[in-house]
Amino acid sequence: MGESILPKSIAIADLRYAAAVPQVPAQAAAPNGLLADRLGRPLHDLRISVTDRCNFRCSYCMPKDVFDSQYKFLPQSSLLSFEEITRVARLFVAHGVAKLRLTGGEPLLRKHLEVLIGQLAALRTPAGDELDITLTTNGSLLERKAQALHDAGLKRVTVSLDALDDTIFRRMNDVDFPVADVLRGIEAALRVGLAPVKINMVVKRGTNDQEIVPLARHVRQHYGKAAVLRFIEYMDVGATNGWRMDEVLPSAQVVQRLSEAFPLEPLQASAPGETAQRWSYADGGGEIGVISSVTQAFCHDCNRARLSTEGKLFLCLFASRGHDLRALLRGTAPDGRPWSDEQIAAAIGLIWSGRDDRYSELRSAGDAKASADAGSGERRVEMHYIGG
Ligand code: SAM
């Protein structure tokens, strides 16, 4: 890529997780939507974390004893503004991104989120197509916000729901939040047309695996084909959840249990890089998916980039190092002028073309050292900070 213009200082950025200020290539071709990383993977999805705060304290994600009243969440000034997020998204779209997912933390805690959705919905791909814009939420505020989100241009939502049983649900969210409110949020989303709603259940063996069949039955009976329930293997993200392999229930066992209650037939993937393996109910009652991030790693076609709340770009959910795009958004080039869109797009292109992360595949292959982020010993990024 030739000579590069380095920002005045290339110090490791300070806050939270290590992040280097990206190099800006001196000469770069304009984005052509054909970017590929070192393993030939295209860039298709951008997940944007809009807040690191959440009103739940699920023990597998934000355990209460770590994320307590003393925990210092990011100050408002660290967060990317809606204009900054939209600018970054536009540059990613020029590089081929067609799908944006807003996440967090709990994204519905970010004030006036519908304003951001409106700005993102106005973006178009180089071919002039609308973007696929979606959001992942715990559903606690969805009943109140579904209509405004839809009106602003949101297409779909994914709701996390780990149990149908109220006692188990309250215990898992660890803030005593009732499941009925989340169910009402799902119903509101369906009513306003945010469909199909994906419902994600993280399965922890011994904690909520008895809820697999009851939740499937509820979703089939009440939402039919308007909702797709997906079961996610409990992952070893971050460093605070005390993950243990014996708490992972392999997706194969989830499918086995479900098919004993409701016969299933496999479905083809609907899009390249799709994370879920899909199954349909043999009686035509809808479909389910399983996301086997632990037992069947899918790094080989991972086409997702993740933008943290404070503008750091992460190339893998298991990374410990990001690329500080905010430093370019807010900083100046050596000539004293703000970095231009072309320069920042070129920096993004350089980052993606150097990407070779495949943590989960290396972990599966037993390459512990390589999978521990090249043995750097750095703390892995937490899920609430870059989103799921
Ligand atoms: N607050 C939103 C929500 O609840 O969907 C968005 C952020 S949350 C981090 C995104 C997703 O990550 C949720 O579905 C959550 O269950 C999932 N998640 C968090 N930690 C996980 C883990 N250790 N293994 C698997 N999934 C996890």
Side-chain angles (χ1 to χ4, degrees), residues 47-64 67 101-110 113 134-146 149 154 156-166 168-190 194-204 207-209 211-212 214-216 218-219 222-223 226-235 237-238 241 243 247-249 251 254 275-276 288-294 304 306 317 382-388:
R47 302 194 170 190
I48 303 171
S49 173
V50 294
T51 176
D52 60 337
R53 291 164 199 259
C54 188
N55 52 345
F56 284 12
R57 284 293 176 272
C58 307
S59 62
Y60 58 75
C61 187
M62 292 182 74
K64 221 176 198 169
F67 299 95
R101 175 178 295 279
L102 301 180
T103 177
E106 171 46 44
L108 298 186
L109 290 180
R110 179 92 185 239
L113 189 70
T134 181
L135 172 141
T136 300
T137 173
N138 62 26
S140 59
L141 301 169
L142 194 54
E143 187 183 18
R144 230 182 297 159
K145 303 210 168 174
L149 295 170
L154 191 70
R156 294 178 290 109
V157 283
T158 299
V159 179
S160 304
L161 177 60
D162 294 336
L164 187 62
D165 177 272
D166 193 48
I168 300 175
F169 186 72
R170 285 177 194 253
R171 198 184 308 136
M172 286 191 78
N173 65 56
D174 214 8
V175 292
D176 209 27
F177 196 87
V179 73
D181 290 23
V182 177
L183 296 176
R184 279 206 302 277
I186 293 172
E187 281 145 28
L190 291 172
L194 291 169
V197 172
K198 286 185 184 156
I199 301 175
N200 280 355
M201 171 182 180
V202 174
V203 181
K204 261 185 103 176
T207 301
N208 65 339
D209 58 317
E211 288 293 287
I212 293 170
L215 190 53
H218 179 91
V219 172
H222 293 269
Y223 317 133
V228 178
L229 177 59
R230 305 176 332 152
F231 300 89
I232 305 180
E233 286 178 351
Y234 170 41
M235 290 185 280
V237 279
N241 64 9
W243 182 87
E247 289 184 314
V248 177
L249 186 75
S251 292
V254 173
T275 49
I288 59 120
V290 289
I291 302 180
S292 319
S293 346
V294 177
R304 287 173 289 283
R306 296 180 153 83
L317 193 49
E382 294 292 335
M383 190 89 145
H384 75 282
Y385 174 80
I386 47 169

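Nothing fancy with the numbering, it's 1 onward along the sequence.
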Straight-line distance of [X] [atom1] to [Y] [atom2], nearest 0.5 Å:
X: Leu194; Y: Leu154; atom1: CG; atom2: CG; answer: 5.5 Å
X: Leu317; Y: Glu382; atom1: CG; atom2: CD; answer: 10.5 Å
X: Met235; Y: Tyr60; atom1: CE; atom2: OH; answer: 9.5 Å
X: Leu102; Y: Thr134; atom1: CG; atom2: OG1; answer: 8.0 Å
X: Leu215; Y: Ile288; atom1: CG; atom2: CD1; answer: 11.0 Å

Output yes when a side-chain donor or acceptor of [X] lies under 3.5 Å from a complementary backbone atom of [Y], and no otherwise.
X: Asp181; Y: Ser140; answer: no
X: Thr51; Y: Gly104; answer: no
X: Asn173; Y: Phe56; answer: no
X: Trp243; Y: Tyr234; answer: yes

Using the test side chain to side chain contact (heavy atoms under 4.5 Å, CB included), find all partners of [X] that sit at least two apart in sequence or belong to another chain.
X: Ser160; value: Thr136
X: Thr137; value: Glu106, Leu108, Leu135, Leu142, Val159
X: Ala188; value: Glu143, Ala146, Arg191
X: Glu233; value: Val248, Pro250, Ser251, Ser292, Val294, Thr295

Side chains of [X] and [Y]: does their closest heavy-atom pair fall under 4.5 Å?
X: Asp165; Y: Pro214; answer: no
X: Arg101; Y: Thr158; answer: yes
X: Thr207; Y: Asp162; answer: no
X: Arg304; Y: Thr275; answer: yes
X: Leu161; Y: Phe169; answer: yes
X: Ser59; Y: Lys64; answer: no
X: Arg170; Y: Pro178; answer: yes

Closest approach of [X] and [Y], non-hydrogen atoms and distance?
X: Leu183; Y: Leu164; result: CD1-CD1, 4.1 Å
X: Phe67; Y: Cys61; result: CE1-O, 4.0 Å
X: Arg110; Y: Val50; result: NH1-O, 2.9 Å
X: Asn241; Y: Pro63; result: CA-CG, 4.5 Å
X: Ser293; Y: Ile232; result: OG-CG2, 4.5 Å
X: Val254; Y: Val290; result: CG1-CG1, 4.2 Å

Quiz prompt | Tyr223: partners by side-chain hydrogen bond (donor to acceptor under 3.5 Å, both in side chains), with sequence neighbours left out | solution =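 Checked Tyr223 against side-chain hydrogen bond (donor to acceptor under 3.5 Å, both in side chains); matches are Glu187, His218.
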Self-check item: Sequence-distant partners of Asp209, side-chain hydrogen bond (donor to acceptor under 3.5 Å, both in side chains), two or more places apart
Solution: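 Only Arg257 meet the side-chain hydrogen bond (donor to acceptor under 3.5 Å, both in side chains) criterion with Asp209.
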